[in-house]
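One structure, pasted below without further comment.
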Amino acid sequence: MLSYILRRIVATLPVMAIVALFVFSLLYIAPGDPAVVIAGDQASPEDVERIRQSLGLDRPFLVQFGSWVWRILHGDLGTSIFTNLPVSAMIGQRLGPTLSLMTITLLLTIVVAVPLGVVAAWKAGSLIDRVIMGFAVFGFSLPVFVVGYMLAYIFALELEWLPVQGYTPLSSGFWPWLENLILPAIALGCVYIALVARITRAAMLEVLQQDYIRTARAKGLGQGGILFIHALKNAAVPIVTVIGIGIALLIGGAVVTESVFAIPGLGRLTIDAILRRDYPVIQGIVLLFSFVYVLVNLMIDVIYTLVDPRIRY
Amino acid sequence: MDRRTVLKGLAGASSLALTGGLSAPALSQGASARTLRFVPQANLANFDPIWGTQYVVRNAAAMVWDTLYGIDAQLQPQRQMVESEETSDDGKTWTFKLRPGLKFHDGEPVLAKDVVASLSRWAARDPMGLMIIPIQQELTAVDDRTFKWVLKQPFPKMLYALAKNNAPCSFIMPERIAKTDPFKQITEYVGSGPMKFAKGEWVPGAKAVFEKFADYVPRQEKASWLAGGKQIMVDRVEWIVMPDPATAAAALQNGEVDWWENPIADLVPVLKKNKNISVDIGDPLGNIGSFRMNHLFAPFNDVRARRAVLMALSQEDYMRAIVGDDDALWKSLPGFFTPGTPLYSEMGGEILKGKRDFDAAKKLLAESGYSGQPVTCLVAQDQPITKAQGDVTADLLKKLGMNVDFIATDWGTVGSRRAAKTPPGQGGWNMFHSWHAGADCITPASYTAIRANGDKAWFGWPTSAGTEKEVTSWFEAKSLDEEKAAVGRLNKAALDDVVYAPTGFFLTYTAWRKNISGIAKGPLPFFWGVSKSA
């Protein structure tokens with residue numbers, strides 16, 4: 001297993017290099033110029049050109065790319081064109097809020113969606129099943145920002161239970177940290193919960209029709225034992241897969257959620273960087289996200305072996 | 001249902017709830033009354049006020065760095081860091097003496113050598129500074145508190161140049177910082193202004209913090225815009241960047257923030273209904289909407305085509321698209337200069353007045369030789385003001401019988417593409433939309449968009465000898481009457497040649513909690529004199 005994990009990690013390097021080259025090329029050919037944004041609306045063309053030169057944006061593509069790769073190989077993600085701060089420091093500043101939001105959302109999803117999916121499968125065709133799946137369709141259909149505004153209205157403005165915006169680091173205390181994340185996590189989690197609940201239901205339904213479940217029932221095993229010990233474990237592979245794939249949904253959804261709740265996370269940093277054409281920041285974030293995806297895939301593969309002993313590498 | 005509809009509904013409903021007696025602060029609120037929490041107009045992405053000239057950078061910089069002179073509410077330059085100045089009889093030598101006791105935030109005294117380095121860096125980037133450099137003989141420190149600027153010819157607008165509020169302002173930095181190439185960013189943010197920048201707390205794109213500078217010695221005069229005694233009444237000012245207007249409105253309503261610089265027009269009625277919030281015009285100098293036609297290529301290389309568009313355009317359409325139904329927020333502008341300011345003129349403005357004449361405009365357009373070729377119209381969708389104007393223009397051009405190639409994209413792309421001097425079909429353009437702060441359109445000195453010196457002019461590259469002649473006349477004017485006369489002629493020449501198309505004058509609101517007092521109207525948010533009660 002260890003050698004497998006090591007091989008997978010080594011295999012990620014060319015993947016990330018290809019992603020990096022792709023992203024760098026894409027940015028290079030895309031319209032837009034950071035110098036224009038920096039110079040401001042009233043700047044002269046000469047000012048813009050001078051800024052381009054000072055940033056090295058007038059150099060040939062291969063020179064810029066080579067310089068970037070060289071820095072990456074030395075562990076340097078570069079410096080933001082706008083803030084003049086190291087990209088790694090900027091990402092570090094924003095990582096905490098985004099990781100916090102994703103962690104809470106993930107926990108919320110697992111705690112809510114999996115039991116809902118199991119119950120829906122158990123009561124398939126019943127009113128409970130239809131209600132749960134109805135909620136799932138509803139949650140899946142509502143845009144994150146609509147849910148976000150509704151939650152903010154009810155819980156922040158009407159009831160005044162929770163703040164409408166901002167982020168407090170965990171170092172300031174558990175509750176101050178959590179209270180800023182509850183509403184965004186629910187808003188972000190709605191789609192995710194709906195997705196996982198539906199997949200869980202489908203996977204459970206398939207497993208519940210297997211012979212060994214019938215055997216377990218025939219032996220007089222209780223419903224809870226059948227569902228959560230025998231069935232859920234065997235239905236876990238697709239559920240784990242969709243939870244892993246859902247990380248992508250979380251990252252995408254976090255962009256909107258962080259804007260709606262003014263959370264200073266990576267999503268907002270990404271959007272700001274793209275709008276300003278802050279190339280080093282965009283490249284750094286893309287590399288990070290690529291790494292996260294690769295890591296998540298690796299973790300999923302490892303979890304497969306834990307939940308299903310038939311899977312071996 | 002679109003996002004704006006949702007947020008309007010949310011904000012409206014929340015306002016009703018709050019005015020219904022549910023206005024107690026949120027449980028999460030715990031900020032001290034000595035901290036003022038402010039939502040700026042945009043993200044503070046960088047913090048070098050010479051390198052980057054966005055308004056938001058200038059606004060933050062005005063807290064941290066001081067200027068030798070400051071413009072006051074009467075638009076007059078007043079001494080700020082300077083104690084006295086002398087001009088030689090021939091008007092060529094200016095000698096300035098600094099106030100005693102001025103200190104930078106690192107504890108070092110402000111010396112004449114710091115001023116010399118700062119002015120040199122500023123002059124390399126500022127339009128007025130760039131006018132001084134060619135006539136500069138020397139700029140030197142005489143002693144620690146005295147410096148001298150010797151020119152080859154008089155420059156009567158010197159004090160205005162040093163006091164003006166349009167970016168880049170002539171902020172004074174320590175010499176070691178000011179020696180940075182003006183086209184490269186500074187990395188230290190040390191000034192001698194009334195507040196210190198807490199760099200360690202800066203999260204670009206999210207938060208910027210400023211702390212009261214205990215050693216700042218304010219002038220004794222009453223504060224007036226960038227002039228007078230800058231008394232800071234709170235310990236900290238926190239800028240909280242909120243990209244979503246609905247969130248900013250909600251945060252202001254439940255007391256999570258204290259002051260929102262520029263609420264969008266859609267949400268203003270909601271805020272006005274809240275008994276805990278004051279809403280008022282933020283900047284009486286407002287803004288001037290504009291679209292620029294490319295003078296280099298057909299059809300707008302022909303003045304008849306440009307005039308045809310001017311004859312047909314309705315400023316009311318443009319203004320209502322920007323500010324909505326609030327008539328107090330806009331007015332027609334048959335000229336280029338800011339209404340209500342001394343040099344405002346309507347000379348030559350008949351083409352923008354009265355009933356719009358589409359028949360005459362179509363006839364003039366035909367005379368220009370326009371024969372249906374595509375007109376490339378660039379519109380930045382991510383800026384509501386430009387998007388609104390772009391939609392009106394597209395409709396206008398279609399009514400004129402023009403073939404519109406409407407390119408809706410983001411500001412980064414528009415900003416880049418508008419610099420292209422290639423023909424519209426080869427990556428160039430025919431028109432784009434923008435707006436100018438009214439504070440920048442008071443005199444020709446700070447009014448980049450009015451210049452019509454061909455290749456050296458702003459995007460669109462208009463050439464108008466008459467306009468340029470009157471710009472020079474204004475700089476040489478020796479009295480206000482002469483200035484007014486020059487600007488009147490300038491207004492007419494610029495309209496005759498259609499340097500650009502003014503789409504009207506509009507104002508924006510600012511909003512704050514009622515426990516905040518001392519907010520002054522002006523072209524930027526002034527934090528001196530602003531206090532907060534618990």
Side-chain angles (χ1 to χ4, degrees), chain A residues 30-51 53-54 80-85 90 93-94 143 145-146 149-150 152-153 156-158 160-167 176 179-180 259-264 268-269 271-278, chain B residues 1 3 6-7 10 13-14 17-18 22 24-29 43 45-48 51-55 125 166-167 181 183-185 187 203-207 240-244 246-248 250-251 253-254 256 382 409-413 415-417 419 434 436 440 448-449 456 458-459:
Chain A
D33 186 344
V36 170
V37 186
I38 289 164
D41 195 38
Q42 311 299 316
S44 70
E46 289 73 24
D47 281 350
V48 173
E49 191 51 38
R50 285 284 300 273
I51 292 172
Q53 286 172 10
S54 73
S80 161
I81 289 172
F82 282 82
T83 64
N84 212 20
L85 297 171
M90 290 180 71
Q93 275 182 328
R94 303 301 192 96
F145 72 87
V146 172
Y149 288 138
M150 284 168 51
Y153 168 58
L157 287 173
E158 278 283 351
E160 301 184 356
W161 288 354
L162 294 162
V164 74
Q165 57 83 38
Y167 171 77
E179 70 169 354
N180 273 117
S259 289
V260 169
F261 291 96
I263 297 171
R268 272 179 64 193
L269 181 65
I271 294 296
D272 289 345
I274 290 170
L275 289 175
R276 291 195 305 258
R277 307 294 196 272
D278 198 342
Chain B
M1 190 185 327
R3 185 170 168 158
V6 172
L7 69 89
L10 164 63
S14 62
L18 288 172
L22 296 173
L27 291 180
S28 58
Q29 186 184 338
N43 169 22
N46 68 75
F47 200 30
D48 181 339
W51 179 78
T53 55
Q54 297 97 329
Y55 292 131
R125 294 296 303 274
N166 70 301
D181 180 335
F183 287 90
K184 289 187 175 160
Q185 271 201 68
T187 53
V203 182
K207 187 177 183 184
I240 302 165
V241 179
M242 290 200 200
D244 191 304
T247 308
Q253 287 176 91
N254 74 355
E256 286 179 49
D382 51 346
T409 178
D410 66 308
W411 162 240
T413 302
S416 178
R417 187 163 174 182
S434 185
H436 310 292
D440 291 355
T448 312
K456 291 182 181 171
W458 208 51
F459 308 99

Euclidean distance, A/Glu158 CD relative to A/Tyr153 OH, rounded to 0.5 Å
3.5 Å
In chain order, what residues pass the side chain to side chain donor-acceptor pair (under 3.5 Å) check against A/Arg277, with sequence neighbours excluded?
B/Asp410, B/Thr413
At a heavy-atom separation under 4.5 Å, does A/Gln93 approach chain B through its side chain, its backbone, both, or neither?
side chain
Not counting sequence neighbours, which residues clear side chain to side chain donor-acceptor pair (under 3.5 Å) with A/Thr83? List them please.
A/Ser80
Chain A interface, residue from B/Lys207, B/Gln185, B/Lys184 that has the most non-hydrogen pairs under 4.5 Å
B/Gln185
Okay, A/Asn84 and chain B: the region with an atom under 4.5 Å from a heavy atom over there is both
By a 4.5 Å heavy-atom criterion (distance strictly below it), what part of B/Asp181 contacts chain A: side chain, backbone, both, or neither?
side chain
Sort A/Ile274 into side chain, backbone, both or neither according to what part of it lies under 4.5 angstrom from a heavy atom of chain B.
neither
In terms of heavy-atom pairs under 4.5 Å, which option from B/Thr409, B/Val241, B/Asp48, B/Ile240 contacts chain A the most?
B/Val241
Specify the closest pair of heavy atoms between B/Trp458 and B/Thr448, including all atoms of both residues, with the distance to one decimal.
CD1-CG2, 3.7 Å
In terms of heavy-atom proximity below 4.5 Å to chain A, should B/Asn166 be classed as side chain, backbone, both, or neither?
neither
Keeping the roles fixed (side chain from A/Asp278, backbone from A/Ile81), state whether a donor-acceptor pair exists under 3.5 Å.
yes
Option that, when pairs with chain B are counted at under 4.5 Å, heavy atom only, ranks first among A/Gln53, A/Met90, A/Gln165, A/Glu49:
A/Gln165
A/Ser54 side chain vs B/Phe183 backbone, donor-acceptor pair below 3.5 Å:
yes
